[in-house]
Number of protein chains: 2
Amino acid sequence: MERDESRISIDPLGSPESVAAELSGLHPVDVADALSRAGIDGELLTKILGELDTEIAAEVIINLDEHTLGDILDVLDPPEIAEIASELESDDAADVVGLLDEDKKAHVLSQLDSDDRKAVLDLLQYTDESAGGIMASELVYVNSDASVDDAIALIRAAADEVEEIHNVYITDRERKLAGVLPLGTLLLARKGTRVAEIMEEDVVSVSAEMDQEDVANVFMKYDLVAIPVVDGEGMLVGRITVDDIMDVIRDEAEEDITLMAGTRDEEIHEDSTLRVSWIRLPWLVIGALGGLASASVMSLYSFSFEKVLALAFFIPVITAMGGNVGLQTSTIIVRGMHADGGFESDVGSRLRREWRIAITNAVLLGIAVFLIVGLWLKDWVLATIVGGALGTVILVAATLGTIMPFTLRRLGVDPAVAQGPFVTTLNDVIGILIYLGLATLFLDMLS
Amino acid sequence: MERDESRISIDPLGSPESVAAELSGLHPVDVADALSRAGIDGELLTKILGELDTEIAAEVIINLDEHTLGDILDVLDPPEIAEIASELESDDAADVVGLLDEDKKAHVLSQLDSDDRKAVLDLLQYTDESAGGIMASELVYVNSDASVDDAIALIRAAADEVEEIHNVYITDRERKLAGVLPLGTLLLARKGTRVAEIMEEDVVSVSAEMDQEDVANVFMKYDLVAIPVVDGEGMLVGRITVDDIMDVIRDEAEEDITLMAGTRDEEIHEDSTLRVSWIRLPWLVIGALGGLASASVMSLYSFSFEKVLALAFFIPVITAMGGNVGLQTSTIIVRGMHADGGFESDVGSRLRREWRIAITNAVLLGIAVFLIVGLWLKDWVLATIVGGALGTVILVAATLGTIMPFTLRRLGVDPAVAQGPFVTTLNDVIGILIYLGLATLFLDMLS
């Protein structure tokens, strides 16, 4: 079955029983999808889920969008949430429990059996964006003196609880990671073989504190489907599977896009106009304040405009150029920092590279604009000022665009902020200062 | 071993033998990484690779960055390339062969054995960004009347050739996909069981023509590690593994980022100043032309400026606001179109949503700017014009930002283009027209 565009829609006015019947037999992901987009309230959603088998309901719940999940968790009482959580893998259970307020969280935890409670509490202590925050505690591991038969028996015992088993991890007596045995190797191994003989000793692992973006880079670099997570002492504490990493890769890239654009992905599913407006306003306020700063700079040069009004016409060329060059430069620096296999060179060598490019573009565009303005207004002094200022602004914007990401990174701020409105606005103001400063120097020569 | 930040550097002046010795024992990905960043020429690289075992050299080669790979392919002669290609999975072999010029390509193909040649030629006919373009032909499939022992025997036979086996696919007599058997199920199955009894019949597949971004959405939706690819008749033609999908997810997101910023990721590793300059110039030219269009609009309103010079000061506020609002709006529309589980609603309903947000922000910012300008210049007519124009520009930019992505998609153009410089520039010009038009209407009232 090709399931590319298949989308099920459900009748928001149907009874819970009829809707559940309609959804039966579908993949839980498709059920979650249909429920997320149905736009029905938490009460009805909960009743529909109640009609489903608990195991399937749990699968549906972790695939709902966060908004819909929140609506359901508001309606369900703690014993019901605990029942669902105990059906989930520990990482999903921790995600669900992490969405609850403190009271409800404590109540749900008290309802879990002690193993599940310990697993969820252990996972909740890691920050959301670390390896610990996205790992699951469930995994299959055997001692290095075990046989392949022992390993297979363990897989059989764990098959219910561990969702996707790709590897069996091999540990020493202290639960320190010693090797890995992919299922394929296990399948082809002779009965009775000791795992230590056939395991891969060269196993790539990550520490629980590692940032999820770095974990994703490790996955992409080594083409992994799962990775073991170890604590500070090298003890095996969990594993991360590639399905969670696909989300990380997409989310991290989208974080950059939305930082650049001045809004956040969360708003796609946000219905409240005021809340969306509130998300977008800070960027607009920065832009407005920058614009007003430009206005006050221009007011200082009123005497220049009074002499040569045409000076004002070229302000938009200057600001557009500063903004575009700044964004091109900072984007390439930030992409290079993120990319696995990208550069990690010093500011100096990047600056020299960006200057070479900026000088080329400054000369080409400066001359082009000089010619256009000169031919248009037949004022070659003004043309020289506009062309010269344009070239200078390109150089300055390239410099800022290079230095800002490095500076932000050193300050512990996401360098992608340099692609946002703050730097563009700064470039606007600086560009206008350069242009009007230059114009005022040559004011006497202007006709 | 935790391999997060490990980076090996090699001595560019070493002999090929000493460098190869230095690299021996490393993971091929790390060798590729070290060679890609060493900055040494194709001749020396080729000699180093010649010192490595062919199988390892092949692994290294597919992990080099495209730039370094190109340098090596220039130096190697067709029989050497064919030898390497025959060690690779068909998708990687097709990628390597696809990089060659027509003459060399034909020569390399003639050196491959007929099976490899057929596989590579089959894959080369699909476009780069389709499921067919990223799939490999190597996979393990059995007829539905086979037993698990037959399946295991096939895996054993294929273990050398197929890199990562996650599933055995089950087909009918006409090679039509009938089911899937994950390795875990196979491992736990009783000897002699027929695969048809234990296979999952509900197998998610994609067609060879599907766009790679849609394939990635299917992977993310169903949390897959591999997917079978079928042709128009439902016959199994290949499979895609998640390692290639991780690259797709990252590349598609980065494509959007670089479209927004007006440059391309390729330039990160590009050394030629002129070529980088050439990549960036089109965006800058659009910005410059837009700026000059703004200048000519402003020159039409010279009489207004001559009467009230202060009108010119607020041009940057107007253009900054139009640019920011347009980018916020188009970004959310484009993200929503891309996102799995995002909206696919009509222009009308999105427009109503964006207008509600835009009206809120227009009122808030319009009033704020009205007050600031009024208190600053003590000219409440000018303050009304600036505040009113600002509000109008926000509404217009939100409208354009919503309509453009839908229009571009209908025209078959990537909607992300709406986040690029063209729309920002258009917003600049329209914003200035609105502002100066409004100002001219009320010119007599201005002091």
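Numbers restart at 1 for each chain; the letters A, B, ... are given by sequence-line order, proteins then strands.
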field: Toward chain A, the part of Leu289(B) with a non-hydrogen atom under 4.5 Å
entry: neither
message: Between Trp376(A) and chain B, with a heavy-atom cut-off of 4.5 Å, which part of the residue counts as in contact: side chain, backbone, both or neither?
response: side chain
message: So for Ile394(B), is it side chain, backbone, both, or neither that comes closer than 4.5 Å to the heavy atoms of chain A?
response: neither
Contact class of Ala320(A) relative to chain B, heavy atoms under 4.5 angstrom: side chain
field: Top of Asn324(A), Thr425(A), Ile249(A) for chain B proximity - count of heavy-atom pairs under 4.5 angstrom
entry: Ile249(A)
- request: Would you mind checking which part of Ile357(A) comes under 4.5 Å of any heavy atom in chain B, side chain (CB onward), backbone (N, CA, C, O), both or neither?
  value: both
query: Pick from Val373(A), Leu327(A), Asn63(A), Leu187(A): which one has the most heavy-atom pairs with chain B under 4.5 Å?
result: Leu187(A)
message: If I measure from the heavy atoms of chain B, does Phe219(A) come under 4.5 Å with its side chain, its backbone, both, or neither?
response: both
message: Can you tell me which portion of Leu377(A) sits under 4.5 Å from chain B's heavy atoms? Options are side chain, backbone, both or neither.
response: neither
- prompt: Can a donor-acceptor pair be found between the side chains of Asp30(B) and Tyr222(A) at a distance below 3.5 Å?
  reply: yes
- prompt: So which of His166(B), Glu306(B), Gln419(B), Glu354(B) has the biggest tally of heavy-atom pairs under 4.5 Å with chain A?
  reply: Glu354(B)
task: May I ask you to test the Val276(A)-Arg356(B) pair for a side-chain heavy-atom distance under 4.5 Å?
output: no
- request: Pick whichever of Met321(A), Met298(A), Arg280(A) has the most heavy-atom pairs under 4.5 Å with chain B.
  value: Arg280(A)
Residue part contacting chain B, namely of Ser330(A), when any heavy atom lies under 4.5 Å: neither
query: If you tally heavy-atom pairs under 4.5 Å against chain A, which of Leu183(B), Leu186(B), Leu284(B) wins?
result: Leu284(B)
- line: Greatest number of non-hydrogen atom pairs under 4.5 angstrom with chain B, of Val369(A), Thr424(A), Thr329(A), Thr273(A), falls to Thr273(A)
- prompt: At a heavy-atom separation under 4.5 Å, does Ser36(A) approach chain B through its side chain, its backbone, both, or neither?
  reply: neither
- prompt: Taking every heavy-atom pair that is under 4.5 Å apart, which of Leu309(B), Val285(B), Ile372(B) has the most such pairs with chain A?
  reply: Leu309(B)
query: Do you know which of Ser302(B), Gly184(B), Gly287(B) has the most heavy-atom pairs with chain A at a distance under 4.5 angstrom?
result: Ser302(B)
- request: Measure the acute angle between the ring planes of Phe313(A) and Phe305(B), then classify it against the limits of 30° and 60° as parallel, tilted or perpendicular.
  value: tilted
- request: Identify which part of Ile359(B) has an atom lying under 4.5 Å from any heavy atom of chain A, answering side chain, backbone, both or neither.
  value: neither
message: Report which part of Ser296(A) has an atom under 4.5 Å of a heavy atom belonging to chain B: side chain, backbone, both, or neither.
response: both
- prompt: Using non-hydrogen atoms only, which part of Ile432(A) is less than 4.5 Å away from chain B: side chain, backbone, both, or neither?
  reply: side chain
- prompt: Which one of Ser294(B), Ala288(B), Ser299(B) has the most heavy-atom pairs closer than 4.5 Å to chain A?
  reply: Ser299(B)
field: Option that, when pairs with chain B are counted at under 4.5 Å, heavy atom only, ranks first among Thr319(A), Val429(A), Thr331(A), Val242(A)
entry: Val242(A)
- request: Calculate, to the nearest 0.5 Å, the distance between atoms CE and CD1 belonging to Met246(B) and Ile245(A) respectively.
  value: 8.0 Å
- line: With chain A, the option among Thr360(B), Thr185(B), Asn361(B) that has the most non-hydrogen atom pairs under 4.5 Å is Asn361(B)
- prompt: Checking heavy atoms, do the side chain of Ile318(A), its backbone, both or neither come under 4.5 Å from chain B?
  reply: neither
- prompt: Considering only heavy atoms, which portion of Ile286(A) lies under 4.5 Å from any heavy atom of chain B: side chain, backbone, both, or neither?
  reply: neither
message: Let me confirm one number: the CZ-CG distance from Arg250(B) to Asn217(A), rounded to the nearest 0.5 Å.
response: 8.0 Å
query: So what's closer than 4.5 Å to chain B heavy atoms on Ile315(A): side chain, backbone, both or neither?
result: side chain
field: Side chains of Leu365(A) and Leu281(B) in contact at under 4.5 Å (non-hydrogen atoms)
entry: yes
- prompt: What part of Leu364(A) lies closer than 4.5 angstrom to a heavy atom of chain B: side chain, backbone, both or neither?
  reply: side chain
message: Counting heavy-atom pairs under 4.5 Å with chain B, which one of Ile227(A), Leu292(A), Asp428(A) comes out on top?
response: Leu292(A)
query: Within the distance-only criterion (no hydrogens, no angle test), does the side chain of Arg156(B) pair as donor or acceptor with the backbone N or O of Leu188(A) below 3.5 angstrom?
result: yes
query: Given side chains that start at C-beta, do those of Asp223(B) and Glu164(A) come closer than 4.5 Å, heavy atoms only?
result: no
query: Side chain, backbone, both or neither: which part of Val297(A) has an atom under 4.5 Å from a heavy atom of chain B?
result: neither
